[in-house]
Amino acid sequence: MLLGTRIKEKPPHFQSSEKTFVFNFKTGHETNVLTAPILIPMQGSISDLHGRLMLLHNLPYFVESDLKKSLYQFIDEETKNNYDKEAEAALEKLKSSDRNTEQLVNAWAKAYHETTLEYARPEEPSWDEDFADVYHDLIHSPASETLLNLEHNYFVRVSELISERDMELKKLQERQSVEMDKVMQELGKTLTDQDVNSVAAQHFDSQQVLENKWASELKQLMTIQKQEYQEWVIKLHQDMQNPNNNTVSEEIKVKQSQSTVTSERVFEERSLLEESFTIHLGAQLKTMHNLRLVRADVLDFCKHKRNQQSGVKLQRLQTALSLYSTSLCGLVLLVDNRINSYSGIKRDFATVCHECTDFHFPRVEQQLQIVQQVVLYASAQRNKKSKERAELSNGNGGNEDKSKTGERNPSNILPGEFYTTRHSNLSEVHVVFHLCVDDNVRSSNITARDPAIMGLRNILKVCCTHDITTITIPLLLVHDMSEEMTIPWCLKRAELVFKCVKGFMMEMASWDGGTSRTVQFLVPQSISEEMFYQLSNMLPQIFRVSSTLTLTSKR
């Protein structure tokens with residue numbers, strides 16, 4: 001029996017030749033021959049070709065392995081023969097041409113060196129990597145207190161500049177308020193609405209000029225501080241490597257003596273409610289996790305708190321120790337779909353970031369600019385893919401998808417998507433996840449498939465892959481309470497988030513092998529104590545809380 005088929009594979013760049021694959025096999029006393037013309041070199045999957053041949057000709061199962069082995073051997077041999085012929089033809093063409101052989105040899109040698117790992121140059125460490133290693137060594141050495149004192153001195157200087165800015169802006173606003181009151185008194189007498197609008201425009205321009213001036217000074221100060229700090233850290237590390245250098249202790253003493261500067265800026269202390277739980281999750285191999293329910297403002301995890309006993313010294317030693325470790329701390333911040341820091345919680349967060357110089361990472365504005373570029377690129381790729389699908393589809397479906405794509409702003413992100421920023425100048429946080437949510441989170445009928453919930457799942461997955469062992473999550477998916485958020489609404493929302501996070505944490509075992517983590521559930525500051533304790537009682541009912549064992553002796 002003679003079986004035949006024709007396999008067409010279209011190679012993209014090089015010469016192809018058609019070869020006939022012949023396979024002989026027996027079924028009982030009958031000899032069968034399978035022929036298949038194949039283009040060599042073959043660009044498709046040999047396994048797929050093998051399956052198509054078996055299915056197309058209803059070949060018996062017992063020839064499957066022999067056919068596959070013969071097919072691989074045939075394609076391998078013919079491909080080598082094809083490349084050999086191509087190479088011989090290229091060499092013959094080179095011999096008969098007038099081109100400079102030396103130039104071709106040099107070009108080939110250069111290409112070989114650039115594409116072969118053996119000849120690749122070792123990757124040179126960047127300045128950021130070197131500084132990270134140096135800082136990690138120093139913060140875990142006796143010089144750690146010196147580093148924190150130096151950072152505090154810089155913080156005090158920035159605080160003083162911010163205080164001066166706030167005072168000057170306050171004076172300007174008061175002066176403009178008095179001037180506007182006088183203008184309003186003359187409205188309808190000697191002045192018109194156009195005059196009032198003109199004065200208001202002048203006031204706005206004056207305020208913008210002053211804010212830009214102070215923003216420029218603040219940026220310049222932070223740039224100088226960052227450069228001085230990094231240079232001093234490198235120098236101190238070099239001096240500590242030299243055991244005969246006696247200037248190290250003097251440098252440390254000088255920096256410590258400079259830490260007695262005081263600041264007039266005072267932060268408001270708010271009452272904090274929290275409950276802690278220890279749970280075990282997993283079917284066979286159980287993993288212990290720590291859960292905390294906290295009532296606080298979301299930015300309290302970012303602001304620098306002052307220790308009343310030591311005056312003005314920053315309490316951020318633990319954050320500094322774990323900055324370049326495998327125990328990072330993260331925070332979920334709920335934002336809108338625009339990537340900026342101009343309004344709402346995003347502006348408040350940027351203000352907190354500007355209260356202290358970040359000595360390790362770019363300013364928050366620079367990080368947001370990079371995120372914006374990535375979002376624009378991703379949107380362009382989405383539009384390209386959607387256009388390709390629309391061209392392939394027929395009917396109204398493709399037109400509807402195209403119209404939906406056109407309505408979306410390419411610079412914005414969708415609900416459930418998030419972007420991250422890195423920080424070394426916040427009190428308890430290293431990484432901030434900016435999770436996009438819309439007004440739907442205020443409704444009472446969201447489900448486990450809501451974009452905000454799925455966004456939390458993706459955030460927890462990033463935590464597993466990037467060594468973030470402590471994560472703070474808004475339990476109610478809002479930062480502020482409103483009238484429609486009644487007690488039943490809060491209980492229903494908390495139950496949904498608790499159950500979803502529990503499921504996500506159980507998935508973590510397959511993501512990271514069962515690493516112990518700390519998850520903090522954050523509720524708004526304005527929530528009542530009664531509501532807080534109701535949520536606290538709900539948590540052990542959903543999670544498996546470890547019970548204490550009391551040992552008593554018999555008498």
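- V233 has its side chain within reach of V134: a pair of non-hydrogen atoms, C-beta onward, lies under 4.5 Å apart.
- Between I139 and Y324 the shortest side-chain heavy-atom distance does not fall below 4.5 Å.
- Sorted by first and then second residue, the salt bridge (Lys or Arg N to Asp or Glu O under 4.0 Å) pairs with a member in residues 324-339 read D336-R338, D336-K346; sequence neighbours excluded.
- At least one side-chain heavy atom of L71 sits less than 4.5 Å from a side-chain heavy atom of I38.
- By the 4.5 Å heavy-atom criterion applied to side chains, V22 and N24 are counted as neighbours.
- Between F349 and H354, the ring centre distance reaches or exceeds 6.0 Å.
- Put simply, OG on S144 and CG on L321 are 6.5 Å apart, with the number rounded to the nearest 0.5 Å.
- F74 and Y72 have their aromatic ring centers separated by at least 6.0 angstrom.
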Would you please test I413 and V371 for side chain to side chain contact (heavy atoms under 4.5 Å, CB included) and show each step? CA-CA 10 Å; I413 60 178; V371 172; over 6 Å; no
Take H237 and D137, measure what side chain to side chain contact (heavy atoms under 4.5 Å, CB included) needs, and give me the verdict at the end. CA-CA 8 Å; H237 184 265; D137 292 341; 3.6 Å; yes
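- C500 approaches A448 most closely through the heavy-atom pair SG-CB, 3.7 Å.
- Of all the heavy atoms in S443 and N445, the pair that sits closest is OG-OD1, 3.0 Å.
- Results of the side chain to side chain contact (heavy atoms under 4.5 Å, CB included) test with F521 over T472, V294, L291 single out L291 as the only residue that passes.
- The number of heavy atoms from other shown groups lying within 6.0 Å of CZ (F62) is above 12.
- Note that the CG atom of L328 and the CG atom of L323 stand 7.5 Å from one another [nearest 0.5 Å].
- Here the CD atom belonging to E78 is positioned 12.0 Å from the CD atom belonging to E18, to the nearest 0.5 angstrom.
- Pairing each heavy atom of L59 with each of V63, the nearest pair is CB-CG2, 4.1 Å.
- Residue pairs meeting the salt bridge (Lys or Arg N to Asp or Glu O under 4.0 Å) criterion with at least one member in residues 319-328: none, sequence neighbours excluded.
- Ion pairing between a basic and an acidic side chain is recognised when a charged N comes within 4.0 Å of a carboxylate O; E495 and K499 show such pairing.
- Note: F131 and Y229 have perpendicular aromatic rings, judged against thresholds of 30 and 60 degrees for the angle between ring planes.
- Side-chain atoms of Q225 and T357 form a donor-acceptor pair, as typed in the model, at a separation below 3.5 Å.
- Here the side chains of V497 and L476 are not in contact, with every heavy-atom distance at 4.5 Å or above.
- Not less than 6.0 angstrom separates the ring centroid of Y135 from the ring centroid of F359.
- In this view, T27 and N32 satisfy the side-chain hydrogen bond (donor to acceptor under 3.5 Å, both in side chains) rule, not counting sequence neighbours.
- A side-chain hydrogen bond (donor to acceptor under 3.5 Å, both in side chains) with T421 is found for exactly one of Q367, H434, Q366, namely H434.
- To the nearest 0.5 angstrom, I468 atom CD1 is 11.0 Å from S327 atom OG.
- To the nearest 0.5 angstrom, I473 atom CD1 is 10.0 Å from L435 atom CG.
- Not counting sequence neighbours, the partners of K80 by the salt bridge (Lys or Arg N to Asp or Glu O under 4.0 Å) test are D76.
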Go through it in stages, so that I can follow the logic: the residues are D239 and K235, the test is salt bridge (charged side-chain N to carboxylate O under 4.0 Å, His left out), and I'd like the CA-CA distance, side-chain angles, deciding distance and then a yes or no. CA-CA 6 Å; D239 293 340; K235 181 177 182 299; 3.2 Å; yes
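- Applying the salt bridge (Lys or Arg N to Asp or Glu O under 4.0 Å) definition to pairs two or more places apart or across chains, those involving residues 358-373 are R363-E365.
- Around NE2 of H140, the count of heavy atoms belonging to other residues, nucleotides or ligands within 6.0 Å exceeds 12.
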Check against side chain to side chain contact (heavy atoms under 4.5 Å, CB included), C463 and F433: CA-CA 10 Å; C463 292; F433 296 91; 4.0 Å; yes
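- Across L376 and P410, no two heavy atoms sit closer than the pair CD2-O, 3.7 Å.
- Applying the salt bridge (Lys or Arg N to Asp or Glu O under 4.0 Å) rule to K226 yields no partners; only residues at least two apart in sequence or on another chain are considered.
- Environment of CD in Q220: sparse, with no more than 12 heavy atoms of neighbouring residues, nucleotides or ligands closer than 6.0 Å.
- Atoms CD1 and NZ, on I446 and K492 in that order, are 9.0 Å from each other to the nearest 0.5 Å.
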Side chain to side chain contact (heavy atoms under 4.5 Å, CB included) evaluation trace for S141 with M240: CA-CA 10 Å; S141 71; M240 293 184 67; 4.1 Å; yes
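- Open room surrounds CG on D439; 12 or fewer heavy atoms of other groups in view lie less than 6.0 Å from it.
- Ring pair H423/F361: centre-to-centre distance not below 6.0 Å.
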Please report the C-alpha distance between D450 and T447 in whole Å, then the side-chain angles of each, then the deciding distance to 0.1 Å, and finally whether the side chain to side chain donor-acceptor pair (under 3.5 Å) criterion is met. CA-CA 5 Å; D450 188 82; T447 65; 6.0 Å; no
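- Classification of E507 and K461 as a salt-bridged pair fails, no side-chain N sitting under 4.0 Å from a carboxylate O.
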